[in-house]
Engineer: 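Take a look at the following structure, please.
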Amino acid sequence: MNLKISALEFVQEVQNGNISAEDFVAKTLERIQSIDDKLHAFLSINEDAVNQAQEIDRKVKSGDKVGVCFGMPISIKDNMCIKNSKTTCGSKMLENFVAPYDATVIRKLKQQDAIFVGKVNLDEFAMGLTTEFSAFGPSKNPWETDHVPGGSSGGSAVSVSAFECVASLGSDTGGSVRNPASFCSVVGFKPTYGLISRYGLVSYANSIEQIGPLTRTVKDTAFMLNIISGLDSNDNTTVDNKDENYLSGIDSGIEGKKIGIIKEMLGDGVDPAVLSATKDAISKLENLGATCEEISLDMVKYSVAAYYTITATEAGSNLARYDNLRYGYDFSVEGYEFNSYITKARQNFGPEVKRRMIIGGFVPSTGHAGKYFLKALKIKSKLTREINDAFKKFDLLIAPTVPILPFKIGEKIDDPIALFLVDINTVTANLTGKPAISVPFAVSNGLPIGIQLLADSMQDKLLLRAAHALENTVKLPEVPI
Amino acid sequence: MTKIGLEIHCQLTNLESKLFCSCKANYREFQINENICPVCMGLPGSLPRLNQEAVKKGTMIAMALNCTTPDKIAFFRKNYFYPDLPKNFQITQLNIYGDTSIGGAGSIMVGDKKIRITRIQLEEDPGRLIYEGSSTKNQITLVDYNRAGTPLVEIVTEPDFENPKQVREFLNILSDLLENLAVADPSLEGAMRADANVSIEGGNKVEIKNIGSFHDLEKAVHFEITRQNSLHSRDITITQETRHWDDKRKITISSRSKEEELDYRYFLEGDIPWVKIDSEIQEKLKSKMPESISSKKERYISKYNIPSQVADVLSSDKFYSDLFDESHTENNAKEIANIITTDLMGLVDTREKLEKSKITATHLRDLADSIQSGKISRNSAKNALYEIVKTGNDLSQVISELDLGNVSDESELTGIIREIISEESQAVEQAKSNPQTINYLVGKVMQKTKGKADPKLTLDLLKKQIG
Ligand SMILES: [Zn+2]
């Protein structure tokens, strides 16, 4: 049984009767059993997965209607709710929280007969870039297991990269899908804000984050997007994409497209290997008929500061509900008064979450909001104006997903400022609501490099088309695990 | 000069669902913590889903209070920790970053006094706290989240009131207005709550929080003015502070909490996009708005010549004015207004009785027509009304069952009149010389017929007999 096939190949194989969903899912679980001790992608496993696959095989054999996923094994970042399953958010605060409802993306995938093999690791409440801030320990990069896999959707990227599932869903607040995708050599996509419902995604910074697929191929991402995108009455911020088919025309290339190279994302501190990979990608796109030209987005240099100010403010509010009174972990209220209880209960948050909540309590407060929070909002709207102007001239923008190569576990965890700069190339898409994708493009000394493309709002289809063209220009080595 | 300002929280009790989920807005019929869902419990991953009907109703209230209504509105988060708040923030509105609240500045006349409205905002009600245990030490707090997320409008006034009487009159007008718009039932327990700020000449402003009903609001304001005046007369400084209304002892108590020092860290609620309420939408809402109380009153007076006081009573009550508008014709309008305001309102003088009442517009119309055609006397009509309210039976059925019809058969009536003439010879003589006193004889006939004689016919026949 070859577990290394793409989602679309899997669907084809099961549909044609060449493989059974049960076999594939069983083998997938075996692989998780055998290698996940080393990788720690998974936080929980769906013990019922094989039975669910059997039911799909039965439907295929008897000619019943089967959903388009045909029992495809998917992993889900553990900050999305699956009914009757634990949703820990990588936090001790929610260690025992069992979701009583399905997220919209989960409901849609269930309808299409996807199988959730398990919930995967993340930085606590998606705050981080390495999974080192998970309360349950870091995940490992399958390319070099003493290196970080990126984050916060590290478990998602590891599980797809190491063939522990066919595809995964992550969430991207400032690069949390694209960053680990780049570090683990898989495709990672953050759609236009509002394209995918967030209902059931545990909020970190709700005004800028999106759920996004992590897959082996760009076509798989388009396939997933077809299933999970669109208006949702449970999320007032969703936009109508008129049931767009993101797979149609994905092969039509990028001849004549204008691509802007974002100057500020190739500045000081870019690793030489990343720089040369980016130049290579640009020349390959030019060979396909695109024209590339440098463009300056001045506000990018303030984007990380604005990003942390805005996300801390929203996080401080979004995470306030975790007072352990209605759900959470086992800790009796007996003998406590309200304020002393919640102060004690909330000590179960990890250090990074505490750090951001303390900032989040300060930057929007009276007397400081003007200096911090409101200023950050100003940068956000200026940056949006800049990028909108850029898209008047260009169809797409390009930059490396992360300016540096994956680093060792523990190497940067004590240096928040160094970690924050890893975000510089990804936060712009979140602050401006634009779609962006990381495409695996090179491997340097055994460490993956991803190239990022951005498009204008609701141009997700064009973005996937370009990403598919770029992906086809390289043949990358297989993950060494 | 005494200055009083109000912040009134009014639940939109007539809405189907809560402000951000599909749980019932009418939470009162549920067992504790039964009217809840992931959204109003603020469970991880849940998102608010704005109730568009609440936006419409809120806009109507703003229009009825002559407030400005912005083209688009936004929601904000008010962040603070409290056990009745499932998310530890409240989704509300404010105007600090431009006019984004559902209603801006407005005003309403209370008698000759103009009361300015500062703003109107749409927000969610928190859950309900229930305290158990006697001493503070072993007191426990239970939380019922059934109420959490119920749509509220907060109406904030300028400190334009000068005395408790004006406050009461304003509250009466406001209650009638909300009822007329069919947005709220002010009589439901906890549906109307308020905070007030009170200051007397030369004193600091004192805020009174937690007033649970309109009835108590007037009392609280009255108590506070008296308290402040008493301090002032003894040259004691009135400190600026927040006080709580103790609804058991009916006094205000200084609150030790540092509530006023809280920093709510307001910021835009990103989960609810700005809501457009452009002029086209506003015009549509305006056209759907029920006729205002003052315009109803004006219409009753000018069109039907109904006395101003009767028109006042009739127009300010939605139930009765609806009944009137449904039943009256050009000819019987005055009669129906009379029946409603003099008889019916006395019969169903409580809300409970009103709800049980079986009276319909048809009943009223039949009743008025029968009075005008002489089929039934006013007196009998009152008895018939009593029966109708109770049973809902047709007027004709009620008349025949209770034998309430007028004696309008000429020969029967002539017989009765003859008897009276023989019994009352003195009065007959008097009537001959002084026609005015004939009314005494009419009364006698009425007595004998238990009020069922057709008065006009009786008079005619009497005159003929006496000659
Ligand atoms: Zn609810």
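Chain identifiers are assigned alphabetically (A, B, ...) following the order of the sequence lines, protein sequences preceding nucleic acid strands; residue numbering begins at 1 within each chain.
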Engineer: Side chain, backbone, both or neither: which part of A:T313 has a heavy atom under 4.5 Å from chain B?
Structural biologist: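 For A:T313, heavy atoms of backbone and side chain both lie under 4.5 Å from chain B.
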
Engineer: So does B:D125 pair up with B:R193, basic N to acidic O under 4.0 Å?
Structural biologist: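 The answer is yes: the pair qualifies as a salt bridge.
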
Engineer: Give the interface residues of residues 91-98 of chain A toward chain B, defined by a heavy-atom separation under 4.5 Å.
Structural biologist: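 So far as heavy atoms go, A:L94, A:F97 are the residues that approach chain B to under 4.5 Å.
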
Engineer: Give, for atom NZ of A:K119 and atom OG of A:S156, the distance between the pair rounded to the nearest 0.5 Å.
Structural biologist: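 A:K119 NZ to A:S156 OG: 10.5 Å, rounded to 0.5 Å.
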
Engineer: Non-hydrogen atoms of chain B under 4.5 Å away: do they reach the side chain of A:N318, the backbone, both or neither?
Structural biologist: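 When you check distances to chain B, atoms from both the backbone and side chain of A:N318 fall under 4.5 Å.
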
Engineer: Would you say the side chains of A:S197 and A:N234 form a donor-acceptor pair under 3.5 Å?
Structural biologist: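 Absent: no donor and acceptor within the cut-off.
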
Engineer: First locate atom CZ of A:R356, then atom CZ of A:F125, and finally report the distance between them rounded to the nearest 0.5 Å.
Structural biologist: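 Rounded to the nearest 0.5 Å, the CZ-CZ separation comes out at 13.0 Å.
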
Engineer: Working to the nearest 0.5 angstrom, can you tell me the gap between B:D195 CG and B:E154 CD?
Structural biologist: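 Those atoms lie 7.0 Å apart.
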
Engineer: Tell me, for A:L319 versus chain B, whether the close heavy atoms (under 4.5 Å) come from the side chain, the backbone, both or neither.
Structural biologist: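 No part of A:L319 comes within 4.5 Å of chain B.
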
Engineer: For residues 360-372 of chain A, please give each side-chain donor-acceptor pair under 3.5 Å, one per line with the distance, not counting sequence neighbours.
Structural biologist:
unit_1	atom_1	unit_2	atom_2	d
A:S365	OG	A:F362	O	2.6
A:T366	OG1	B:D263	OD1	3.0
A:T366	OG1	B:D263	OD2	3.3

Engineer: Taking only Lys NZ, Arg NE, NH1 and NH2, and the carboxylate oxygens of Asp or Glu, determine whether B:E16 and B:K24 approach each other closer than 4.0 Å.
Structural biologist: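 Yes, charged N to carboxylate O under 4.0 Å.
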
Engineer: For B:Y264, is the NZ or CZ atom of B:K78 found under 6.0 angstrom from the centre of its six-membered ring and inside 45 degrees of the ring axis?
Structural biologist: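 Yes, a cation-pi geometry.
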
Engineer: Should B:R77 and B:D271 count as an ion pair when the cut-off is N to O under 4.0 Å?
Structural biologist: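 B:D271 and B:R77: salt-bridged.
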
Engineer: What part of A:I342 is in contact with chain B, defined as an atom under 4.5 angstrom from a non-hydrogen atom: side chain, backbone, both or neither?
Structural biologist: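 Just its side chain gets close to chain B.
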
Engineer: Considering only NZ, NE, NH1 and NH2 on the basic side and carboxylate oxygens on the acidic side, decide whether B:E207 and B:K205 come within less than 4.0 Å.
Structural biologist: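 No, this pair does not count.
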
Engineer: Give the member of A:C81, A:G335, A:S233 that has the highest number of heavy-atom pairs under 4.5 Å with chain B.
Structural biologist: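 The residue among A:C81, A:G335, A:S233 with the greatest pair count is A:S233.
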
Engineer: Name the region of B:L85, side chain, backbone, both or neither, that has any atom closer than 4.5 Å to a heavy atom of chain A.
Structural biologist: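 Backbone only.
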
Engineer: To the nearest 0.5 Å, what is the distance between CG (A:L109) and CD1 (A:I82)?
Structural biologist: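 It is 9.0 Å, given to the nearest 0.5 Å.
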
Engineer: Kindly confirm or rule out a cation-pi arrangement of A:K344 over A:Y341, judged by NZ or CZ under 6.0 Å from the six-membered ring centre and within 45° of its axis?
Structural biologist: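 Relative to the ring axis of A:Y341, which defines the angle, A:K344 lies outside at least one limit.
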
Engineer: Measure the acute angle between the ring planes of A:Y329 and A:F331, then classify it against the limits of 30° and 60° as parallel, tilted or perpendicular.
Structural biologist: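 The arrangement is parallel - the two ring planes meet at less than 30°.
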
Engineer: Looking at B:K284 and B:E280, does any basic side-chain N land under 4.0 Å from a carboxylate oxygen?
Structural biologist: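 B:E280 and B:K284: not salt-bridged.
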
Engineer: Among all residues two or more places apart in sequence or in another chain, which pass the side chain to side chain contact (heavy atoms under 4.5 Å, CB included) test with A:R385?
Structural biologist: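 For A:R385 the side chain to side chain contact (heavy atoms under 4.5 Å, CB included) partners, ignoring immediate neighbours, are A:S381, A:K382.
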
Engineer: In terms of heavy-atom pairs under 4.5 Å with chain A, which of B:F81, B:Y266, B:Y97 leads?
Structural biologist: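 Top count of heavy-atom pairs under 4.5 Å with chain A: B:F81.
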
Engineer: Under a 4.5 Å heavy-atom cut-off, does chain A meet the side chain of B:P38, its backbone, both or neither?
Structural biologist: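 The side chain, not the backbone.
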
Engineer: Less than 4.5 Å to any heavy atom of chain B: does that hold for the side chain of A:E314, its backbone, both, or neither?
Structural biologist: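 Both backbone and side chain.
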
Engineer: Taking heavy atoms only and a threshold strictly under 4.5 Å, list by residue number the residues of residues 99-107 of chain A that touch chain B; give 'none' if the list is empty.
Structural biologist: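 Hits under 4.5 Å: A:P100, A:Y101.
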
Engineer: If you count heavy-atom pairs under 4.5 Å with chain A, which of B:P48, B:C21, B:G42 comes out on top?
Structural biologist: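 The answer is B:G42.
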
Engineer: At a heavy-atom distance under 4.5 Å, which candidate from A:N339, A:L201, A:N206 has the highest pair count against chain B?
Structural biologist: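 So the answer, after comparing A:N339, A:L201, A:N206, is A:N206.
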
